[in-house]
Amino acid sequence: MRHSRLWTWHIFAGLVILILLGLHMLIMHLAKFSPNSLNPAGGEAIDWANVVARGKMAFFMITYILLLGAALFHGLYGLNTIIGELNVGHGFKKFCGVALTLLGVALFLFGTWAAIAARGAAMGM
Amino acid sequence: MAEKPFDNHLGIKGWAVGGSWSFERYLYTLHRLTGLGILAYFLMHIFVTSARVFGPDSWNALLGEEGFLRMTVFKIGEYLVFAAFGFHALNGIRLALVELGFLVGKPIEPVYPYKTCLHTSRAATAALMLLAAVVIVMGGWEFFLK
């Protein structure tokens, strides 16, 4: 039951990623097809001036954190599923489950801090 | 000799040789490979993009015009990640639809020549893969030709 619930969350997280990462890819790699307001300084999407401009928008801070959480869960649960199908012992699988959970939580905390701190730094410029 | 815990599991070998040899078998393998590739990139991406917290010097050292990550090899690698995303996303839509009971058709009598749910969903599969190819080509144009 627990795994079917987590699998449903895995699919739901995939849907969230599809929307938010789709938007991210549109802005970063298909700039010709995205609104100019998302890269207001012109040039490339990763130019510092554009990074600061997007950093000032609360929308990006919130969606970065949402995307971070959804992507970490989707990716690490997917990896855990792959490990679960391998010919290895239960002890190792359990260890991987705990290790991947801890890794996901740590990266989520770090990435959330970075998204909030980056907005603070951008607002000060 | 100790027995393997699951003798019926093929492990990673099963990605290549297990199950049927249908088109969907290769999509399954590619979905896993692209997923692992995207995950590896994403874990590094969290740290790389956090450089923006430390100001323009830190950011430009990595991603500025002369930045370390602007080398051709990284650009090609980034495009491969983009292509992996294009495939993984569109194939993921197919998998989610099948998981939720769409695209599989109604149960029918197993009469020869047998028709499976894969035959029912194959047109949608082809359409989604075609869409993935369009996204990958558009990305390639933006990455290398614009």
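By convention in this document, chain letters (A, B, ...) are assigned in the order of the sequence lines, proteins followed by strands, and residues within each chain are numbered from 1.
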Ignoring hydrogens, what is the shortest heavy-atom contact between A/Trp48 and B/Gly55? Give both atom names and the distance.
CH2-C, 3.6 Å
Students often mix this up, so state it plainly: with edges at 30° and 60°, are the rings of B/Phe82 and A/His29 parallel, tilted or perpendicular?
perpendicular
Which residues in residues 7-16 of chain A have any heavy atom closer than 4.5 Å to a heavy atom of chain B?
A/Trp7, A/Ile11
Are the side chain of B/Trp59 and the backbone N or O of A/Asp47 linked by a donor-acceptor pair below 3.5 Å?
no
Using a 4.5 Å heavy-atom cutoff, which residues in residues 101-124 of chain B come close to chain A?
none
Working to the nearest 0.5 angstrom, can you tell me the gap between A/Leu21 CG and B/Ile38 CD1?
7.5 Å
Are B/Thr49 and A/Tyr64 side-chain neighbours, meaning at least one heavy-atom pair lies under 4.5 Å?
no
Between atom CD1 of A/Ile17 and atom CZ of B/Phe42, what is the distance when rounded to the nearest 0.5 Å?
8.0 Å
At what distance, to the nearest 0.5 angstrom, does OG1 of A/Thr81 lie from CZ of B/Arg32?
7.5 Å
Residue part contacting chain B, namely of A/Ala115, when any heavy atom lies under 4.5 Å:
both
Contacting region of B/Leu90 [heavy-atom separation from chain A under 4.5 Å]
neither
Co-members of the apolar cluster containing A/Val105 [side chain, <4.5 Å]:
A/Leu109
Euclidean distance, B/Lys13 NZ relative to A/Asn87 CG, rounded to 0.5 Å:
9.0 Å
Could you list which of residues 60-75 of chain B have a heavy atom closer than 4.5 Å to any heavy atom of chain A, in residue-number order?
B/Asn60, B/Leu63, B/Arg70
Side-chain heavy atoms under 4.5 angstrom apart, residues restricted to Ile, Leu, Val, Met, Phe, Trp, Tyr: same cluster for A/Ile19 and B/Leu131?
no
For residues A/Leu79 and B/Tyr41: do they belong to one hydrophobic cluster (side chain heavy atoms under 4.5 Å, members Ile, Leu, Val, Met, Phe, Trp, Tyr)?
no
Considering only heavy atoms, which portion of A/Ala121 lies under 4.5 Å from any heavy atom of chain B: side chain, backbone, both, or neither?
side chain
A/Met25 to B/Phe85 - nearest heavy-atom pair and separation
CG-CE2, 3.5 Å
Are A/Leu23 and B/Ile93 linked, directly or through other ILVMFWY residues, by side chains that come within less than 4.5 angstrom of each other?
no
Could you have a look at A/Ile82, A/Val51, A/Leu103 and say which one has the most heavy-atom pairs with chain B under 4.5 angstrom?
A/Ile82
Is it possible for you to say whether B/Leu30 and B/Met129 belong to one hydrophobic cluster, with membership spreading through side-chain heavy-atom contacts below 4.5 Å?
yes
Of A/Arg119, A/His74, A/Glu44, A/Glu85, the largest count of non-hydrogen pairs under 4.5 angstrom with chain B goes to A/Glu85
Give a yes or no on whether A/Met61 and A/Met123 share a hydrophobic cluster (residues Ile, Leu, Val, Met, Phe, Trp, Tyr; joining criterion: side-chain heavy atoms under 4.5 Å apart).
no
For A/Leu18 and B/Ala89 the tightest heavy-atom approach is CD1-CB, 3.6 Å
For chain A, which of B/Gly86, B/Pro56, B/Ala96 has the most heavy-atom pairs under 4.5 Å?
B/Pro56
Side chain, backbone, both or neither of B/Leu100 within contact of chain A (heavy atoms, under 4.5 Å)
neither
Ranked by heavy-atom pairs below 4.5 Å to chain B, first place among A/Gly111, A/Ala114, A/Ala49, A/Gly78 goes to A/Ala114
